[in-house]
Amino acid sequence: MSWRNLLATAIEAVQWNRMRSVLTMLGIVIGIAAIMVTVGLGEGAQAKVKSTISALGSNLLTVSPGSSSSLQGVRGGLGSGSTLTLSDASALSNPQVAPAIKSTAPIVSGHETLTFGSANWTTTVYGTTPSWLSIRSRTLEEGRFLESSDLKSGSNVIVLGAVTAQELFGSKNALGQSVDVGGLPMTVVGVLAPVGTGTSATSNQDDLAIVPITTAEYSLLGTSSNDSVQSILIKSTSAATLSAAYQEADSELLMLHGITDPSNADFTIASEQSLVSAATSVSSTLTALLGGIAAVSLLVGGVGVMNIMLVSVTERTKEIGLRKALGATPSVIRRQFLAEASILGAAGGAVGGAVGILGQIFLPSVIKYPIEIPGSVTASSILAAISISLIFGVYPAARAARLSPIDALRSE
Amino acid sequence: MVGDSLAEDSVPVLGDADVDLGREVLLQLVDITKVYQLGSVRFQALTSVSFEIYHGEYVAITGPSGSGKSTLMHLIGCLDVPTSGQLLIDGKDVSRLNELELAQIRNEQIGFVFQQFNLLAPLTALQNVELPLMYGSHTKRERGERSLALLERVGLADHVKHRPNELSGGQQQRVAIARALVVGPSLILADEPTGNLDSKNAFDVLTLFDELHASGRTIVVITHDSEVASRASRIIRIRDGKLEPTQ
Ligand SMILES: Nc1ncnc2c1ncn2[C@@H]1O[C@H](COP(=O)(O)OP(=O)(O)OP(=O)(O)O)[C@@H](O)[C@H]1O
Ligand SMILES: [Mg+2]
């Protein structure tokens, strides 16, 4: 019997027992839809984490003091002789030394209470350089950012985050006002544009204050060694040169610090990528777990297919006997039942896939959580449905093929 | 009938004297025995059955219920194999063939007609007639043409698209006869073909068999109805799994 005739025969049988076929498919439909939605939830969570982290700035490396390999943990730190210095930062921003590095921004920070009139607000105050703005991919709502003249003179100017400005000034214009920062009066020269959509991860990026690093070191945060910094942000010239920038920063800092053995490095360079992979590895573990649970439901669907197929073989004993009497060989009978099982699987998979895609479209607005189902997942789910049905169809098909034609014909 | 009767009938009894020597033997049974083994219980359904059927013959096999008629039909129809003895179709021994080879013989050489018609409910009359051709190697066109011609032959040209539940019992049996004829088998094998029909429809079916016989077909009808048997040109009687000598 040709494959086309076999398939046509199987489709006829599936259509003839329409109600039963639909019920059989139901298990597969639920299994496939469950897998797609859970995988979609996992993918959605990963995409969300990625976009949150890349909102922090692109092509970014962060140098922090202390070795990641050292067992004693982070050595040094602010005020206790951090191993990173302002001159490290300026050396790295020299294009002759490190052509892949576009700019660097040294950072010191501390918590301070800002006071304006009767309003006061505690926030993180960062001391940095003018390049911070472009490295962090930030823009200004109004006024200006730090300038190199501010840095040279160590002037008392401050740029506020949108939330900070709102808390201190409300609807009043902040520009030109003087705020008291830990006892030091500072003039507000600019307000940053908000980045966040209001989610918790980004809102604290709008609650901060920026001052020149020189002002921070000498007057504000009171560091003991007036040259050390907490961290250095590095922006590479492009995403493609990120690893080159990493190499250049690594070797230049080793040289500046006089370290010959890289395993003794007193600093750590982390990329945005490593943050992303750390965050996504958590969510992909969760996805795998949920997906596994959903896969079990698909397996249960497969057992359902086997169950119904066995019933169907028993019910159609007479038909099988007749087909054998008319010349069907055992292998033709077996293939007919396997074809029926895979048609049920394919149809169940397709309907399940459609349900999954509908879920992707309509669920996020209900559960307030993104669902992203890649096309490859849809395709492989349908393949999985067919294979599961085929696997669970093997035993019923073998039973059908083994039936003796006389026993089959005799049955009433 | 079990055990002790074995010795009595060791000499094979030939079915008939009215043998046309000019015709060739289609079917030859030599000392056929069939034993059913049900767990520890042995049941001997056929004992030393031997006879021949010639090309173009119309033979009825009759006997009381439980005498072994259907058992014999299953062996002749290659649905089962004998416990001992030989069964030759056109001189070829089929009693020791495997399942695949038996399936091919059933498909090409034998046309079955059953008491319960045994049409497939999802299929139309035409598709039911085509079914045996599906298990051979025939083109779609060939299948359609042959099946249509046979439905016309049995007088159902207007019912090609009907499904079994839209046909009367007599019409269903005629579809089944068309299906039995479609591969052009050497033998039409019918087990109680009129058992489920009223006398009018039974008459029509028997008339159809007469016509097929007249056109040269070999027909074996199994029945316990003497009226049906009387249509045949020769009657083989069976009782307790053994042939009865002919009168
Ligand atoms: N598969 C089987 N296993 C055991 N015994 C069987 C089997 N098939 C038939 N028999 C027995 O063999 C004997 C002959 O059965 P068979 O069906 O050939 O009778 P029959 O002549 O066709 O009867 P009827 O006219 O009622 O159809 C019966 O006694 C029956 O019980
Ligand atoms: Mg019988």
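Sequence lines set the chain letters: A, B, ... in the order given, protein chains first and strands last, and positions in each chain run from 1.
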From CA spacing to verdict: side chain to side chain contact (heavy atoms under 4.5 Å, CB included), B/Arg141, B/Thr139: CA-CA 5 Å; B/Arg141 196 178 145 166; B/Thr139 64; 4.1 Å; yes
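Neither the backbone nor the side chain of A/Arg316 comes within contact range of chain B; no heavy atoms are under 4.5 Å apart. The part of B/Gln127 that comes within reach of chain A is its side chain, from C-beta onward, which places non-hydrogen atoms under 4.5 angstrom from that chain. For a residue to count as touching a neighbouring chain, one of its non-hydrogen atoms must lie under 4.5 Å from one of that chain's; by this rule B/Ile105 does not touch chain A.
The most heavy-atom pairs under 4.5 Å with chain A, out of B/Cys78, B/Gly77, B/Ala121, come from B/Ala121. Ranked by heavy-atom pairs under 4.5 Å with chain B, the list A/Leu6, A/Asn5, A/Val332, A/Leu326 is led by A/Leu326. Looking only at heavy-atom pairs under 4.5 Å with chain A, the residue among B/Leu131, B/Ile110, B/Leu102, B/Asn107 that has the most is B/Asn107. Contact tally against chain A (heavy-atom pairs below 4.5 Å) for B/Ser70, B/Ala180, B/Gly136, B/Ala103: the top residue is B/Ala103.
Judged purely by atom type and a 3.5 angstrom limit, A/Gln360 has no side-chain atom pairing as donor or acceptor with the backbone of A/Glu372.
Ring pair B/Phe114/B/Phe112 is parallel by interplanar angle, where below 30° counts as parallel and above 60° as perpendicular.
Salt bridge status for B/Glu99 with A/Lys324: present, with a side-chain N to carboxylate O gap under 4.0 Å. Checked for salt-bridge contact, B/Lys34 and B/Asp80 meet the test: a charged N lies under 4.0 Å from a carboxylate O.
By the 6.0 Å contact criterion, CD on B/Gln104 is open, its count of non-hydrogen atoms from other residues, nucleotides or ligands being 12 or less.
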